[in-house]
2 protein chains.
Amino acid sequence: MPNQRRAGLHDVAKLAGVSHTTVSRVLNGRQYVSEKTRSKVEKAIIQLGYRPNLHARTLVTKSSASIGVLIISDANLVGSLKILSEVSVEATKANFLTSITSFDRSSEESLKDAVFRLLDQRVAGMVVISARQEGLDELVEMTNGLPLVFCKAGPEGFPFRISLENELAAFRATHQLLSLGHRKIVHFSGPKGLIDSDDRRRGFERAMREFGLEPVQILEGDWSADSGYQLGNDLLASGKKFTAVFSGNDKMALGLIHSLNQKSLEVPNDVSIVGFDDLEESKHYRPALTTVRQDFTEFGSRAIAMLQAQIAQEEPPVFKPLDPELVIRNSCSEVRSVS
Amino acid sequence: MPNQRRAGLHDVAKLAGVSHTTVSRVLNGRQYVSEKTRSKVEKAIIQLGYRPNLHARTLVTKSSASIGVLIISDANLVGSLKILSEVSVEATKANFLTSITSFDRSSEESLKDAVFRLLDQRVAGMVVISARQEGLDELVEMTNGLPLVFCKAGPEGFPFRISLENELAAFRATHQLLSLGHRKIVHFSGPKGLIDSDDRRRGFERAMREFGLEPVQILEGDWSADSGYQLGNDLLASGKKFTAVFSGNDKMALGLIHSLNQKSLEVPNDVSIVGFDDLEESKHYRPALTTVRQDFTEFGSRAIAMLQAQIAQEEPPVFKPLDPELVIRNSCSEVRSVS
DNA sequence: GGTGGGTGCTCGGGTATTGCT
DNA sequence: TAGCAATACCCGAGCACCCAC
């Protein structure tokens, strides 16, 4: 029996011998209720297992206690999911419920449909997790002033946005290679158009430029270890000379190492590699991977804090950018020869 | 201006010059509306950008078009998140909205609070993703007949449950080692109490028993590569003799390989290893990992199909159990010596 | 008597007003 | 004047019922 009618305000009022107005006052912590009546009402609430109907409340107050999360899915689903889970946990702490929906760029439905799925719920605010910039401007228009926070990609100039210091991190990673004497450096990037890929590529290019160097080559993968392996094979087959690779993420670096090993090339003796992400397992690769890490953990709480401030119409908090950290392990050495 | 009042049924009715009932009929595709009025109403709807208020609708129909997902978080968060995303996508296809909330066993709040967060939304059904059995019986009671589907762990005898064939998969993995002549086999398990850990351990033990063997040792890790590394060190320090390890997942296997390598032990020459999961990157480990894979992809669609059937009070679909597949690569060889 | 369409109550809870103690 | 009851109406939709042709 799913739907035995649940107790309502009126039932509580009747049991407690008060008016429904008083019950409402107790529920919302209003004044003008004596201790005695309050406890009477509370007892009745517990006895009946009363729970307010959120839909009814939302209907009249016009403000639901739930936030929407829109995931615009792309290659790196797992990354988005981590953010989602953080956002959800933080939202819960802040007494918000989380409604999620995803939008697949390759599907027939329009972004508008996905956005309206959330808007129709009258969410109090929205967190958008997207790896690409495209379409985000329209999104702002569609939502028409609704509190909004973007994770990763966000429209140009939009104030509420949480992103990684990709460019700086990539710069530092590349710099590490350069400071070891490497000059012939290849970059494995992620899919073009993803903000992470593009920013990291930019950081790489800036570091090279500051040394007056040209990249040997920039190869585009899809973040997977498989693609790193494939790119490694392609690179070796091309016959281009290089002494180091800066990989856009750790997984591609793993695939690259695999492909080098198959051709009897060793890391770091023959080729030096720097990764990106510092996955939990990267230190157990062979060799342990030198990589660059960014603290992800505050992503969710920052997003929710920004959203809450907007919802409450307060001044949004200002966050310091996250400082990327270079983690030096065993996949880099000084240049020996130009193979 | 977030809340310029949005158009309601009445506004549409006024503009179209009909009553709100007629508009409601058009919206719900009821009969007894002439083509002419229908198109008039539809025009008005578009013109006003009208969107029905889901809360109002839920209030009167007592059935919301949203399902709840409760994530009871444990070690393997990423696994749960993958299921979540599938569930969410499938739910969307079926025109349901997804509300999620998580419950942390180590937190002060009770499971009841988490469940009620969802129940208060009057969700039409609930998907529970839990790695542990504990507390799931109460959950069934609390929800009082609400359509329910459990992913991974589920209460004893509960009919609606999606789980992996862990026991069988682990049996096959162990069997592979045995058929190569290994007799001194160690098992690295996940945290005790997790259904995945326990089932895999059982499969391992059954395989050993059928060969009349005792496990050399069963070591408990936490699924992480770090713990696999630690367990590897512990094992080597213990001086116990072994020729093979069946690791409860691929990541711990990676850590184990790392620890063996540090002691100049090679895989598979000195020690054979079978993993579990077949991560995308496992084929790029050194050596490429022999492991066992289960197809995860239908998890979400199965869960939603089961839930939908319950919600619609239809006969739930019956699914064949997923057949685990042994993926043979280079981390196992025949026994040579007992080190 | 089947179509087409309007009136009015309902869902569950918020709130403003009045009035009594 | 604090503490409460009683009344009444609102939110936005669904629907039973009624009344026209």
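Letters go in sequence order (proteins before strands), and every chain restarts at 1. Side chains included, hydrogens not; waters and symmetry mates left out as well; all remaining heavy atoms used.
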Check your understanding: Given A:S85, which of B:I100, B:I71, B:L81 fulfils the side-chain contact (heavy atoms from CB on, under 4.5 Å) condition?
Key ->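 So, applying the side-chain contact (heavy atoms from CB on, under 4.5 Å) to A:S85 and each of B:I100, B:I71, B:L81, only B:L81 qualifies.
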Check your understanding: Looking across every strand, which nucleic acid part, if any, lies under 4.0 Å from A:V18 by heavy atom: base, sugar-phosphate, or nothing?
Key ->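 Touches sugar-phosphate only.
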Review point. With a 4.0 Å cut-off on heavy atoms, is B:V23 in touch with a base, just the backbone sugar-phosphate, or nothing at all?
Key: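 Touches nothing.
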Review point. Through what angle, rounded to 10 degrees, does the axis of the helix from C:dG2-D:dC21 to C:dT21-D:dA2 turn between its ends, using five pairs per end?
Key: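 End-to-end axis angle: 50°.
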Taking only the side-chain nitrogens and oxygens of [X], find out if one of them lies under 4.0 Å from OP1 or OP2 of [N].
X	N	result
A:Y50	C:dG13	yes
A:R57	C:dG13	no
A:K62	D:dG12	yes

Practice item. Check DNA chain C against residues 34-43 of chain B and give the residues with a non-hydrogen atom under 4.0 Å, in numerical order. Key: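 Only B:S34, B:T37 qualify.
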Practice item. Hey, could you give me the CZ/NE2 distance between B:R25 and B:H20, rounded to the nearest 0.5 Å? Key: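 That separation rounds to 9.5 Å.
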Practice item. Would you mind telling me which residue lines up with the more 5' stretch of DNA chain C, B:S19 or B:R122, judged by nearest nucleotide? Key: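 Final value for this comparison: B:S19.
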Review point. For nucleotides 15-21 of chain D, read 5' to 3', which letter fits each nucleotide if B means a protein heavy atom sits under 4.0 Å from the base, S means only the sugar-phosphate is that close, and - means neither?
Key: BBB----
Review point. So A:F158 and A:F150, would you call those rings parallel, tilted or perpendicular, with 30° and 60° as cut-offs?
Key: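 Judged by the thresholds at 30° and 60°, the geometry between A:F158 and A:F150 is perpendicular.
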Review point. Counting N and O atoms only, with roles assigned by atom type, does the side chain of A:R161 sit under 3.5 Å from a partner on the main chain of A:V149, one being a donor and the other an acceptor?
Key: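 Looks like no, no N/O pair under 3.5 Å.
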